[in-house]
Amino acid sequence: MNDSLVRTRFAPSPTGLLHIGGARTALFAWLYAKTNSGSCLLRIEDTDKERSKQEFTDEIINSFNWMGVNFDEDVVYQSKNHDRHLSVAKELLKSGKAYVCDCSKERLDRLRKEQQEQGLNPKYDGKCRDLSLSESDNTVIRFKNPENGSVIFQDLIKGEIEFRNEEMDDFIIVRSDGAPTYNLCVVVDDLDMQISHVIRGDDHINNTPKQINVFKALKVESPTYGHVPMILGEDGKRMSKRHGAVGVSEYRDMGILPQAFMNYLARLGWSLGDQEIFTSDELVNNFSSGNLNTAPASFSLDKLTWYNKEYLNAMEFNDLVDLIPSEHIKNDQYSKNVIELIRDRCNSLNDFSTESQYFYNKPEVFREEDKNKAIKENTLNLLSSLSERLSDLAEWKSDSIQEEIKVFVEEQEIGFAKIGIPLRLSLTGSLNSPSIDKVCELLGKEEVIERIDFALKSF
RNA sequence: GGCCCGUUCGUCUAGUGGUUAGGACAUCUGGUUUUCAUCCAGGCAACAGGAGUUCGAUUCUCCUACGGGCUACCA
């Protein structure tokens with residue numbers, strides 16, 4: 001293979017959201033290309049007209065844009081190569097590497113059933129292999145797979161893999177309706193796109209020898225293959241809807257940062273010593289010197305969340321402000337102060353709106369259990385005295401507020417918690433919040449007094 | 001059933017023919033914080049099993065078990 005020109009591709013079917021497993025495979029294909037100064041192309045395998053939808057193609061492309069995986073050159077639509085696929089099939093037919101078969105589906109089903117019952121590998125028995133039938137309405141074209149020997153290839157990830165030709169089928173390359181099939185289309189497209197390295201999920205391992213044989217029949221060199229293990233759900237089972245979000249766009253919508261997402265996905269199966277945090281550039285620069293695991297990996301939302309928090313913490317304040325969805329958070333100073341205050345309490349972009357809501361909406365109802373925790377015998381009197389003290393406070397700054405509360409607590413000979421808890425509940429409607437003095441400062445004196453008054457009535 | 005791939009803490013992984021088998025997430029315990037979160041310190045926790053090769057195997061080989069994939073006129 002010409003190592004100086006690395007060209008990889010990712011080839012999804014547009015039949016659903018970009019799956020997290022596919023995104024990871026694509027990321028590896030992309031990183032492999034980039035680390036070798038090569039290109040990575042996107043090919044949409046839309047030949048299944050029934051299931052393929054334009055909206056899914058758009059969604060896939062959007063997801064990659066969001067992730068920061070940028071494909072080179074134009075997107076290739078497999079359906080547009082239909083004629084080319086067919087002409088290669090004819091070529092194969094002409095050169096005797098393929099043949100016309102008129103076996104009925106019924107016969108094939110029966111055959112398969114018998115073979116399975118006998119513990120054999122189900123495969124076409126070659127009835128029409130040497131019949132030289134001519135094409136008609138109900139015929140298909142089958143590839144004439146070699147009968148002896150084996151296909152041996154060096155997998156980039158798994159090492160040497162061998163398949164005996166006798167295990168392989170004379171698989172169909174053109175259906176009776178004239179549509180070329182997957183294993184032919186892939187070969188033709190990879191060839192035409194000059195793909196040097198096919199990096200794909202390891203569910204394709206057993207398609208590989210078939211495809212290599214087609215390359216051989218076409219008398220061209222086959223690409224190098226690398227099979228990435230699949231990604232499993234948290235329970236170690238195959239990823240599915242049951243496991244929560246499987247679509248990349250769902251993670252975006254959850255408030256995950258693309259950098260965190262990419263970093264997490266890369267580290268899921270790939271590693272470089274003990275390093276956990278990698279920028280996109282670091283990934284590109286170090287991918288080849290790292291190590292790709294041969295075993296499937298389980299997805300962990302906990303760890304993704306941890307990455308997200310790391311990136312959130314490291315982010316420049318102004319960049320962060322720009323990213324926060326603006327339900328009620330505006331780009332004004334008050335909101336900036338709010339963001340600053342709640343920043344380290346947030347694991348995702350979306351947390352900012354839930355964590356900040358009491359800065360924008362007065363508490364209206366208090367939960368019984370919270371009231372039970374916060375309100376003791378003398379609480380109401382204490383709260384109301386504190387309210388008076390605060391309203392007389394000259395300087396409305398967190399330091400002076402805290403000082404005032406401390407003095408108050410000492411005078412009353414009570415613990416801080418005795419007044420701190422009900423105060424927090426009054427102001428935020430919750431038992432948890434940032435430092436109460438900081439919350440007071442931000443809310444403003446008038447608002448604080450008002451909220452305490454309201455709480456006094458509701459408690 | 002057949003073929004193929006895989007197996008280091010709960011999870012992601014590092015690692016070596018001789019290591020106290022390392023790190024990260026999660027978890028637990030302390031400290032900080034009036035609360036929660038953050039932060040800091042510390043703890044628990046793994047080489048699937050069995051043979052063989054070897055002075056010595058987690059590391060090399062084989063077998064078994066378990067898990068996964070594929071087995072279409074889907075891609």
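Chain identifiers are assigned alphabetically (A, B, ...) following the order of the sequence lines, protein sequences preceding nucleic acid strands; residue numbering begins at 1 within each chain. Heavy atoms only: backbone and side chains are in, while hydrogens, waters and symmetry mates are out.
Per the geometry, CG belonging to A:Asp235 stands 13 Å off C1' belonging to B:G68, to the nearest Å. Between the CD1 atom of A:Ile405 and the C1' atom of B:U34 there is a distance of 10 Å, given to the nearest Å. As a whole-Å value, the separation of A:Asp302 CG from B:G10 P is 16 Å. Taking atom CZ on A:Phe278 and atom P on B:G23, their separation rounds to 17 Å, with Å as the unit. Straight-line distance from the CD1 atom of A:Ile152 to the C1' atom of B:C4: 14 Å, rounded to whole Å. Here the C1' atom of nucleotide B:C70 and the CZ atom of A:Arg238 are 10 Å apart, to the nearest Å. Atom-to-atom, OH of A:Tyr225 to P of B:C5 comes out at 17 Å; the value is rounded to the nearest Å. Taking atom CE on A:Met230 and atom C1' on B:G67, their separation rounds to 14 Å, with Å as the unit.
Taking the C1' atom of each, B:U54 and B:G42 are spaced 40 Å apart, rounded to whole Å.
Residue-level contact check: A:Ser435 touches the bases, meaning some heavy atom is under 4.0 Å from a base atom. Here A:Lys105 lies in heavy-atom contact (under 4.0 Å) with a base. Residue contacts shown for A:Phe163 are limited to sugar-phosphate atoms, with no base heavy atom under 4.0 Å away. The residue A:Asp46 sits apart from the nucleic acid: no heavy atom pair falls under 4.0 Å. Residue-level contact check: A:Leu120 touches the bases, meaning some heavy atom is under 4.0 Å from a base atom. As judged by a 4.0 angstrom heavy-atom cut-off over every strand, A:Asn207 is placed among the base-contacting residues. Counting non-hydrogen atoms under 4.0 angstrom, A:Gln78 reaches the backbone sugars and phosphates but no base. At the heavy-atom level, A:Pro122 lies under 4.0 Å from base atoms of the strands shown. Among the heavy atoms of the strands lying under 4.0 Å from A:His204 is at least one base atom, whether or not backbone atoms are also near. In this structure, A:Leu431 reaches the bases: a heavy-atom distance under 4.0 Å links it to at least one base atom across the strands shown. Across all strands, A:Gly269 comes closer than 4.0 Å only to sugar-phosphate atoms, never to a base (heavy-atom distances). Residue A:Leu272 is out of contact with every strand shown, counting any heavy-atom pair closer than 4.0 Å. Base engagement by A:Pro434 is indicated by at least one non-hydrogen atom pair under 4.0 Å involving a base atom.
OP1 or OP2 of B:A72 has not a single side-chain nitrogen or oxygen of A:Thr181 nearer than 4.0 Å. For A:Asn121, no side-chain nitrogen or oxygen approaches OP1 or OP2 of B:C3 to under 4.0 Å. Checking the phosphate oxygens (OP1, OP2) of B:C12, no side-chain nitrogen or oxygen of A:Asn293 falls inside 4.0 Å. A close approach under 4.0 Å does occur between a side-chain nitrogen or oxygen of A:Thr47 and OP1 or OP2 of B:A75. Side-chain N/O atoms of A:Arg112 include none lying less than 4.0 angstrom from OP1 or OP2 on B:U71. At B:C73, none of the side-chain N or O atoms of A:Ser176 fall inside 4.0 Å of OP1 or OP2 (strictly under the cut-off). For the pair A:Thr294 and B:C5, the criterion of a side-chain N or O lying under 4.0 Å from OP1 or OP2 is not met.
Ionic pairing of A:Asp109 and A:Arg112 is present here: one or more N-O contacts between side-chain nitrogen and carboxylate oxygen are shorter than 4.0 angstrom. A salt bridge links A:Glu411 to A:Arg389: one of the charged nitrogens lies within less than 4.0 Å of a carboxylate oxygen. The pair A:Glu91-A:Lys97 does not count as a salt bridge, with every side-chain nitrogen at least 4.0 angstrom from each carboxylate oxygen. A:Asp155 has no carboxylate O lying under 4.0 Å from a charged side-chain N of A:Lys158, or vice versa, which leaves the two without a salt bridge. Under the 4.0 Å criterion applied to side-chain N and carboxylate O atoms, A:Lys438 and A:Glu441 are not assigned as salt-bridge partners.
Under the Watson-Crick and G-U wobble criteria, each requiring two contacts below 3.5 Å, nucleotide B:G6 is paired to B:C66. Of all nucleotides present, none satisfies the Watson-Crick or G-U wobble test against B:U53 with each distance under 3.5 Å. Nucleotide B:U19 forms no Watson-Crick or G-U wobble pair with any nucleotide shown, as no partner meets the under 3.5 Å limit on both distances. Pair assignment for B:C44 gives none, since no Watson-Crick or G-U wobble pairing has each distance under 3.5 Å. Pairing for B:A72 is absent, judged as Watson-Crick or G-U wobble with the two contacts each under 3.5 Å. When both distances must be under 3.5 Å, the Watson-Crick or G-U wobble mate of B:C39 is B:G31.
The base of B:G22 sits within donor-acceptor range of the side chain of A:Asp274, with an N or O pair under 3.5 Å. A donor-acceptor contact under 3.5 Å is not formed by the side chain of A:Lys303 with the base of B:A26. A donor-acceptor contact under 3.5 Å is not formed by the side chain of A:Glu167 with the base of B:G2.
Ring-centre distance between A:Phe278 and A:Trp270: below the 6.0 Å cut-off.
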Starting from the C-alpha separation in whole Å, work towards a yes-or-no answer on salt bridge (Lys or Arg N to Asp or Glu O under 4.0 Å) for A:Asp169 and A:Lys210. CA-CA 8 Å; A:Asp169 211 353; A:Lys210 296 181 188 177; over 6 Å; no
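Among B:C3, B:C25, B:C5, the nucleotide with an atom closest to any side-chain atom of A:Lys158 is B:C5. With B:C12, B:U34, B:C73 as the candidates, the nucleotide lying closest to the side chain of A:Ala417 is B:U34.
Counting heavy-atom neighbours within 6.0 Å of A:Asp235 CG, excluding the residue itself, gives a total above 12.
Between the A:Thr305 side chain and the A:Leu301 main chain, a donor and an acceptor come within less than 3.5 Å of each other.
Nearest-nucleotide positions on RNA chain B for A:Arg51 and A:Ser271 put A:Ser271 closer to the 5' end.
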